[in-house]
Every structure is written in C-alpha cells, then in structure tokens.
Amino acid sequence: MARRPLPRILSTGSAQIARSRELARTAADSATDVLHPLITITRGLRRLASAGRRRWADTPKDKRGPLLFLVASVVLVVALVPYGPLLAVIALMAAAAWQGRDRTPPAPDGPDESQTQRLKSLYDALVPYFSTAEDPAPLYAHGGEWEKAFPEYEFDETSRITQLVIRYPAYFTDGEADSRARIEQLLHAKSGRGREYRFAWDEEGNQLSVTVLPPLPTDIAAQRFVTAPGETVLGFTDPTEVQRTLPLTYGEEQRDVPPVVWRTGVRSTEPHLLIMGQPGSGTSTLLRSIALQALPHGDIVIVEGGGTGEYACLTGRDGVLAVECGLTGALASLEWAATETERRLIALNRARQAGHPPPDDTRRPLWILLDRPSAFTHLATSDGHRDPQSLLQVPLRHGRAASVTVVVADQIDSADALSDAVRQHTRARVVLGPATPGQLEAVLGAPPRTTPVADVPPGRGYARLGTGPVHRLQVPSTPDPYDDETSDADRQAVLALLPPRTTPVEAEQIPTEAEALVAEAP
C-alpha cells in the first residue's frame with residue numbers, strides 16, 4: 001500500500017521543530033565547551049565545601065575551639081603576607097579544579113585478556129573454512145592476526161560476543177547455502193549456545209555481520225489492538241523488521257511494540273493462514289487471539305479436533321456461529337460454510353451483473369477456524385465418513401472474493417495429513433515451538449535468518465506472509481479463561497474481550513440442515 005504524504009502544515013511544522021531542536025542542541029554543546037572550566041571549578045568548590053562540612057561534623061565538640069583558632073590564625077597570616085590573598089585564591093581555584101575533574105575511568109581500549117582469547121579461538125576455528133594453500137596473502141592462517149579479520153566486535157558484561165563483523169576472502173563460496181550453513185553453525189557453537197543469532201551476509205563487501213538478538217517480550221497480554229478492519233495481529237517481532245508499532249498497555253504503563261500484521265479481505269494476497277507447531281507450543285492460543293480480534297467485525301465457525309474444550313469460552317457468544325468438537329458437528333459446520341461461500345459468490349455475481357453494490361449479507365467477514373483437522377481425518381477414515389478437509393476446497397479457493405477466511409492449526413508431526421488444498425491456498429504461515437531448520441523451511445518455504453533455539457516459551461516461533469521475509473514471532477498471551485492454571489490477570493484480560501453471550505438463530509439451524517446432508521453422504 002502506497003504511503004500518503006503528510007499535509008503541508010504537518011510536514012513543515014515537523015521540519016521547523018527538527019531544525020529548532022538541532023539549533024538548541026548545537027547551542028547547548030557550544031555553551032558546555034565554553035563554560036567547561038567554570039563548571040569544573042564550581043563542582044570542585046562544592047566537593048571541597050562538602051569535605052569541610054564532613055570534617056567539622058566529625059570533629060568532637062571539645063576540639064572545635066582550637067580548630068577555629070587554627071583556621072583564624074592561618075587566615076590572618078595569609079592576609080599579612082604580601083600577595084597572600086591572591087596566592088590563596090589561586091591555590092583554592094587550583095584545588096577546586098583538581099577536585100572537580102571528571103573521575104570517570106576511561107573505557108578500556110580494545111578487548112581484555114578473556115575477550116582476546118575468545119576472538120583468537122574463533123579466528124583459529126575459521127581458518128580451515130576461509131583459507132586455501134594457493135592464497136599468496138591469506139587473511140586466515142594458523143597463527144595469523146585476528147585484528148584484520150574482525151574489524152568490529154562488541155561484548156556483554158560476561159565477555160560473550162554480542163556483535164561481530166567478520167571479513168572473509170573473496171573466493172569463499174558465500175552464494176551456496178551449504179557453505180553459509182557451515183559457517184553459521186560454527187559461529188553459533190563457538191559464540192555460545194542458547195542464544196539467537198542473526199547472520200547478515202554482504203556478498204559484495206565480503207563481510208558477515210553476526211548479531212545476538214534479545215529475547216522477545218512474553219508479557220504481552222490479550223487486549224484491543226489499534227488496527228483497521230481486515231488487519232489481524234499475529235504477534236510481535238523485532239523493531240528492525242517492521243516499520244510500524246502498536247501502543248500496548250502493561251497495567252498502568254504503555255509502550256510501543258512492533259507487530260506482525262496479517263491482512264485479509266478482498267485485496268489480500270495471503271487470504272488464509274496455516275499454523276503449525278508442537279504440542280503445547282501455543283497454536284490454540286494464537287487461534288483464540290485471532291478469534292477475539294475477528295469477532296468485532298465478523299462471524300466465526302470453530303472446529304476443534306483435539307476435543308479438549310479449548311474454545312468453550314466462545315460457545316454461545318455473539319458472532320460465534322458454532323463451536324464443534326465432534327466429527328458429525330464438524331462435517332455439518334464445514335458443509336454449511338462451503339454452501340455459504342457459494343451463496344455469497346452467486347449473490348456477488350448477480351449484483352455485479354446488475355450494476356449494484358455488493359449485498360449487505362456478503363460484506364460481513366466469515367472466519368473458519370480449524371484446530372487439528374488431522375484428528376478428524378483419521379476418525380473419518382475409520383468410520384467411513386468424508387474427510388472434513390475436503391469441504392474446505394470451496395472456501396479456500398473462492399473465500400477471498402466472498403470475504404471468507406480459513407485458519408488451520410495442526411501439529412507439525414501431522415503435516416502429511418493435511419490436504420493439498422490446505423497446503424496450496426494457505427500462503428500465510430506460522431510455526432510455533434521448537435523446530436529444526438529443515439522443518440521451518442518445509443513449512444515456511446524459506447529458512448529463517450536467525451538460529452532457532454531448543455528451549456522457547458509458549459507462543460514463540462516464526463511467521464512468513466506470502467513471499468515476504470521470515471519474522472521472529474511472539475504470540476500475545478491469550479490462554480483459556482476456564483483453565484485453572486490461568487492467572488487472574490490473563491483470565492480477566494480474555495474475558496473482557498469476549499462479546500456478550502447470546503444464541504444466534506443461525507447457530508440452531510446450521511446443524512439441522514447439515515446433519516441431513518451428512519446422513520445422505522456415503
């Protein structure tokens with residue numbers, strides 16, 4: 001979407017404010033440089049006065065009289081000596097300048113002994129990969145200088161590398177994925193495991209930038225996000241990955257966090273979503289978060305294959321057409337959803353042919369949320385029923401034009417049980433929980449630019465929208481409010497987002513019509 005230019009008044013005002021701030025900052029820096037001696041002497045006088053007060057307070061009362069007599073005698077002698085007052089003022093100013101000097105220890109120039117040893121070990125480990133016998137002036141050699149290979153580096157308080165720029169020879173095959181993977185694996189092992197690293201390869205400049213990523217915040221609770229209709233917040237990512245932030249509430253505080261926004265609707269290029277993850281990784285949490293964001297603007301149908309009652313809090317709510325946990329109910333709801341999609345397409349086509357705007361009953365978005373449909377696949381095969389995934393072909397193929405969105409969540413081990421239609425039409429992908437690089441690339445279609453870690457909190461993973469980049473993702477905490485292990489704060493946050501409890505008429509008619517269709521099916 002093209003960005004709209006700001007109004008002239010706003011843009012001109014912002015430029016004037018920026019220039020004013022720059023002038024004020026320049027004036028303050030100049031004044032600080034000019035008045036630096038005076039500031040130093042004033043600080044020193046204040047320190048000398050404080051030292052005198054402490055000395056007077058520490059002196060016993062019976063010795064304060066002789067101390068005053070001694071001070072008066074010194075003052076009298078100084079006053080009687082030629083040029084005594086002038087010399088006393090000069091001595092006082094010199095003492096104040098000495099006491100007022102900046103006592104901050106200078107930053108160490110270069111790494112310390114432990115940091116130097118770490119960099120040298122890393123350099124020696126890279127020698128077999130970045131050197132050849134035919135190189136007349138090798139950048140990497142046994143016993144070579146690591147300063148030329150590592151022009152920039154940063155360490156944390158524990159002397160572990162947080163940022164590193166590595167130079168490598170031009171003949172290294174940095175365009176091959178296998179060669180890159182070997183170097184990244186080596187750097188991950190030598191720089192410290194248990195952390196996430198981002199590797200940025202500059203093929204033109206023959207440099208590799210290694211950055212340690214801070215952990216994403218896990219204390220983001222469910223709340224109303226400042227988004228437009230058709231925008232869904234999947235989670236939050238690094239500030240350098242997106243150009244947008246959302247104001248979030250943390251009790252009485254507020255802060256801006258960069259989100260991963262998934263856009264749906266008629267003009268969406270990724271109208272459907274696939275969520276994969278390990279058990280307990282937070283796939284149901286993401287589905288609940290999507291449902292709470294979709295309810296103010298649309299209707300939802302929830303089909304749960306796990307049968308654990310994760311969505312019982314949504315049963316009977318306004319906008320929730322059905323929450324099904326059994327095979328019969330799932331077939332009924334999905335059959336109705338396919339029929340509703342076809343009805344909307346026919347109504348839209350007739351309206352376009354007649355030159356009329358789209359009917360009102362086709363504008364409200366319809367969301368179909370499926371949690372673990374692979375469980376129904378095995379059950380339907382054993383009972384001789386249809387696979388519920390076969391009913392998703394129409395909503396997946398034509399759902400964008402009919403304002404129908406399909407979200408499928410399943411375990412990553414059951415990826416083979418997903419139908420071809422689900423794989424082909426879900427261009428937005430999310431992987432939660434621990435996963436190998438091969439699994440991430442198989443689901444997302446591209447490897448992440450960071451190193452995945454083994455131990456991750458619930459709701460932590462990666463997201464990719466269409467052919468875009470792979471983002472780190474942390475899903476907002478949206479637990480089941482009926483779960484006994486849910487904290488009171490999270491429970492109240494989810495309950496506050498639920499619509500009022502009502503029983504729509506459609507929710508009572510859908511199962512009856514669909515059950516007849518299921519009974520006729522072989």
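Reckoned from all heavy atoms, side chains included, excluding hydrogens, waters and symmetry mates.
Side chains of Ser487 and Asp490: a donor-acceptor N/O pair is present below 3.5 angstrom, by distance only. With no hydrogens or angles considered, no side-chain donor-acceptor pair links Tyr153 and Thr162 at under 3.5 Å. A side-chain donor-acceptor contact under 3.5 Å links Thr173 and Ser179.
Put simply, the side chain of Val430 does not reach to within 4.5 Å of the side chain of Met276, judged on heavy atoms. With a 4.5 Å cut-off on side-chain heavy atoms, Thr486 and Asp484 do not count as touching. Side chains of Thr211 and Leu164 form no contact here, defined as non-hydrogen atoms less than 4.5 Å apart. Taking the side chain as every heavy atom from C-beta outward, Thr405 and Ile368 never approach each other to under 4.5 Å.
The CD atom of Glu152 sits 7.5 Å away from atom CD of Gln207, with the distance rounded to the nearest 0.5 Å. Atom CG in Leu208 sits 7.0 Å away from atom CZ in Phe130 (nearest 0.5 Å). From Leu295, atom CG reaches atom NE2 of His297 across 10.0 Å, with rounding to the nearest 0.5 Å. In this structure, the separation between CD on Gln293 and OG1 on Thr227 is 6.0 Å, given to the nearest 0.5 Å.
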>> I'd like to know whether Ser284 forms a side chain to side chain donor-acceptor pair (under 3.5 Å) with Asp371, so could you lay out the CA-CA distance, the side-chain angles of the two residues, the decisive distance to 0.1 Å, and finally the verdict.
In response: CA-CA 7 Å; Ser284 300; Asp371 191 358; 3.0 Å; yes
> Hey, mind stepping through Leu396 and Val422 against side-chain contact (heavy atoms from CB on, under 4.5 Å) and telling me if it holds?
Replying inline: CA-CA 7 Å; Leu396 287 171; Val422 172; 4.0 Å; yes
> Run the side-chain contact (heavy atoms from CB on, under 4.5 Å) check on Arg343 and Asp361 step by step: do they pass?
Replying inline: CA-CA 10 Å; Arg343 185 197 67 81; Asp361 58 351; 3.0 Å; yes
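Without hydrogens or angle criteria, Ser289 side chain to Thr285 main chain gives no donor-acceptor distance under 3.5 Å. Distance alone, capped at 3.5 Å, is enough to place a donor-acceptor pair between the Glu304 side chain and the Thr308 backbone. Between the side chain of Arg429 and the main chain of Gly445, no donor-acceptor pair closer than 3.5 Å is present. At distances below 3.5 Å, at least one donor-acceptor pair connects side-chain atoms of Ser390 with backbone N or O atoms of Asp387. Judged purely by atom type and a 3.5 angstrom limit, Thr362 has no side-chain atom pairing as donor or acceptor with the backbone of Pro358. Side chain of Gln389 to main chain of Ala417: a donor-acceptor pair is present (N/O by atom type, distance under 3.5 Å, no hydrogens or angles).
Shown here is Asp219, whose CG atom has more than 12 heavy atoms of other residues, nucleotides or ligands within 6.0 Å. The environment of CD in Gln185 is sparse: at most 12 heavy-atom neighbours from other residues, nucleotides or ligands sit within 6.0 Å.
The only member of Tyr123, Phe150, Tyr129, Trp201 that meets ring pair (Phe, Tyr, Trp, His ring centres under 6.0 Å) when paired with Tyr168 is Trp201.
Every residue two or more places apart in sequence or in another chain that forms a side-chain contact (heavy atoms from CB on, under 4.5 Å) with Asp299 is listed here: Leu321, Arg364, Leu366. For Ala428, the side-chain contact (heavy atoms from CB on, under 4.5 Å) criterion is met by Trp262, Glu270, Leu273, Leu465, not counting sequence neighbours. For Arg160, the side-chain contact (heavy atoms from CB on, under 4.5 Å) partners two or more places apart in sequence, or in a different chain, are Arg118, Asp156, Thr158, Arg195.
One finds a salt bridge joining Arg244 and Glu231 here, because a Lys/Arg side-chain nitrogen approaches an Asp/Glu carboxylate oxygen to under 4.0 Å. Ion pairing between a basic and an acidic side chain is recognised when a charged N comes within 4.0 Å of a carboxylate O; Arg198 and Asp238 show such pairing. Using a cut-off of 4.0 Å between Lys/Arg side-chain N and Asp/Glu carboxylate O, Arg180 and Glu176 are scored as not salt-bridged. Taking 4.0 Å as the cut-off between side-chain N and carboxylate O, Arg288 and Glu310 count as a salt-bridged pair. Taking the charged nitrogens against the carboxylate oxygens, Arg464 and Glu441 have no contact shorter than 4.0 Å, which rules out a salt bridge.
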